[in-house]
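To find a chain, count down the sequence lines: A is the first, B the second, and so on, and within it residues start at 1.
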There are 2 protein chains.
Amino acid sequence: MAASMKDVAARASVSLGTVSNVLNHPDLVATSTRLRVEEAIRDLGFIPSAAAQQLRAGRAKVLGLVVPDIANPYFMEVARGVEDAALESGYVVILCNSDEQAEREDRYLAVLESQRVGGILIAPVRKSLKPLSRLLQHGVAVTLLGNAAISHDVCSASVDDTLGGGLAAEHAIELGHTRLVWLAGPRDIPRVSDREAGLMKAARSAKVHVTRIAAAQMTTAAGDTAMDSALANGLDATALLCANDLLALGAIRALNRAGLKVPDDVSVIGYDDIEFAASAAVPLTSVRQPKYELGYAAAKLVIGECEDPATHAHQRVQFQPQLIVRASTAPSRPRTR
Amino acid sequence: MAASMKDVAARASVSLGTVSNVLNHPDLVATSTRLRVEEAIRDLGFIPSAAAQQLRAGRAKVLGLVVPDIANPYFMEVARGVEDAALESGYVVILCNSDEQAEREDRYLAVLESQRVGGILIAPVRKSLKPLSRLLQHGVAVTLLGNAAISHDVCSASVDDTLGGGLAAEHAIELGHTRLVWLAGPRDIPRVSDREAGLMKAARSAKVHVTRIAAAQMTTAAGDTAMDSALANGLDATALLCANDLLALGAIRALNRAGLKVPDDVSVIGYDDIEFAASAAVPLTSVRQPKYELGYAAAKLVIGECEDPATHAHQRVQFQPQLIVRASTAPSRPRTR
DNA sequence: GGGGTGAAATGAAACGTGTCAATTTGGCGA
DNA sequence: TCGCCAAATTGACACGTTTCATTTCACCCC
């Protein structure tokens, strides 16, 4: 249906090869011919078929972006960065929502393999690189998103989550809180475990006790539910540290329902600093990550590897998190119960 | 690098055509041969090249999703629906963030044309279908997202925005408000004009005056700024209706800074009912759209047209909006100034 | 036993591009 | 006038599929 190079060649009365040269090596073509071909291209509205180009090249100028939760504003901000970087280099982004399910992630990895994507940006569901090994063997550029590379086979762009967890814990400790609660996500989410490690380390060195509770997912609803049942089980704490902002927002809802005030009764700290953290019921103290920059850097990394795999050296880009103090945290005060 | 059908054929000692038959017409192949071929496929980890398939077929099993704001949770919820429907049918979604800029939209449409996508889901920046006409001529299935089709050349999946705007206005009017403010987005955003029309109609029939102010973008920040300067210009109203929730959240921030309480001094109504509307500083009264369902239905529509263009009849699927009343609206009370 | 039948497998062509060796053209010096 | 060189252009091939007309083969029936 769409015009092909053959049509262009016919209209400009030149050979196929010349059209190709006009597109890829204009300096090899006589000016007059070039102008004629370019006119034919305009007249026909010719746009090269990416599929044919890719078939020839072996790989597509396509990136796969695999995120665990498309509805989380955090990842969408990252996606914006990825997308901008991709568009700059003429790449296209395939959106893959693994929904925190290994099975779905696997399905998407197969799809991406079938698409012969040049690179994959992934915030993996599991810690292992095994599901990616086939892709890596086939020379697909993979960059880990959000957590530092485990192996030397891949690039990674991440934020220092250990530090971030530490920042959150130290803030709570400085405010005088002595009984911390860590609201984690489902076990094994790679990017959360570092936060937990940093937090626990800070707590240990301050000799502060931490109670760990876990939500079933990294969502507002799950945060609400988890806090609800924790409170029902008699959880008693003055500072709540959450694995991400969504959990925090959900937890605050549950706290309010239980008649607990934030920050008067409980201080709450989130993680990610999504846009809505600032306009939440109680503006949320949170650990900010440079989300857009993270996505942008990761995409540049992976595109760099695509374009020039030979000279590419795997890198780990790491950003620094930053604690943003808002209204949801306050000094610990003696209990009046 | 990756194994091809030729490799599979060689390993199973059959011809290329037979391998193809095993994949596409298994009933034409003797069972013993089929098993042998399938074994070879497994051994080699063969995955067909989507590019080659598409080159042959002329079109790719790929959808382009063009949204004006990837950071808006509304569109990401829609995207979830699109993505699920696509995955079910073996399609893949290319994410295109037009950022409300016509130029960016055009750029992406060219990219999608180059990718020879089978279908496009688009929440257009402009009202005209002109930028899409080339795609349509080439037989690309296009479905309009969010606003009803203007022409009969395309499908659309939308929510009745006229009704939605009316719901918002009627709610405010029922609460006794007589001076309404409509906080619109930048001029010409198609999906907003229907909301405005519905609102204005309801206001006219109730003989209520509406002041129109406009934000530069459909974002929290723009809502904040717009409300700020409106207040500085002496805007005085008791009910604020916003073109979407992000604007509403931003406007509330500005109102609070100006010392105005929501809903005591001003009632605020949003639009979209994004997840964070419920956990906002003041839980937001909003007009809910079935977002996931909208995306899902739109994707099914466009995939249907891709798969069987001949028998396809263009449709308009329209969902109903629903007013969700929360804490940000209250009865009008006599001014105490 | 020969001819016909249907199942199974084959091989070539086509999709649209990029590459590259081979060919043509024009200009210039001898 | 001839030959040579660089510049410009050509044409064939490969990439990995699918399709389809053709071939091969075993079997059954008269």
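Closest approach of A:Leu145 to A:Ala298, counting heavy atoms only: CD1-CB, 3.3 Å. Residue B:Gln54 comes nearest to B:Gln115 through the heavy atom pair NE2-O, 3.1 Å, listed as atom of the first residue, atom of the second, then distance.
Taking the nucleotide of DNA chain C with the nearest heavy atom to each of B:Thr33 and B:Leu55, the more 5' of the two is matched to B:Thr33.
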_How would you summarise protein contacts on nucleotides 17-22 of chain D per nucleotide, using B for base, S for sugar-phosphate only and - for none, with heavy-atom distances below 4.0 Å?_
BBB---

*Mark up nucleotides 21-27 of chain C, 5' to 3', with B wherever a protein heavy atom is under 4.0 angstrom from a base atom, S wherever such an atom reaches only the sugar-phosphate, and - elsewhere.*
-------

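Taking atom CZ of residue B:Arg36 and atom P of nucleotide C:dA8, one finds them 14 Å apart after rounding to whole Å. If you measure from atom CD1 of B:Ile41 to atom P of D:dG16, you get 16 Å, rounded to the nearest angstrom. When rounded to the nearest whole Å, the span between CG of B:Leu28 and C1' of C:dG6 equals 13 Å.
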Could you tabulate the donor-acceptor pairs under 3.5 Å formed by side-chain atoms of residues 85-95 of chain A, not counting sequence neighbours?
from    : atom 1 : to       : atom 2 : distance (Å)
A:Glu88 : OE1    : A:Tyr296 : OH     : 2.7
A:Glu88 : OE1    : A:Lys300 : NZ     : 3.1
A:Glu88 : OE2    : A:Tyr296 : OH     : 3.0
A:Tyr91 : OH     : A:Glu307 : OE2    : 2.6

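The side-chain heavy atoms of B:Glu105 and B:Ile122, taken from C-beta on, include a pair separated by under 4.5 Å. A:Gln315 places none of its side-chain heavy atoms less than 4.5 Å from the side chain of A:Glu305.
Taking side-chain N and O atoms only, B:Thr18 has no distance below 4.0 Å to OP1 or OP2 of C:dA9.
For the residue pair A:Asn21/A:Thr18, the side-chain donor-acceptor check at 3.5 Å is not satisfied. B:Asn97 and B:Tyr108 are not linked by any side-chain donor-acceptor pair at a separation below 3.5 angstrom, with hydrogens and angles left out of the test.
For the side-chain contact (heavy atoms from CB on, under 4.5 Å) criterion with B:Val302, the lone passing option out of B:Leu63, B:Val140, B:Val82 is B:Leu63.
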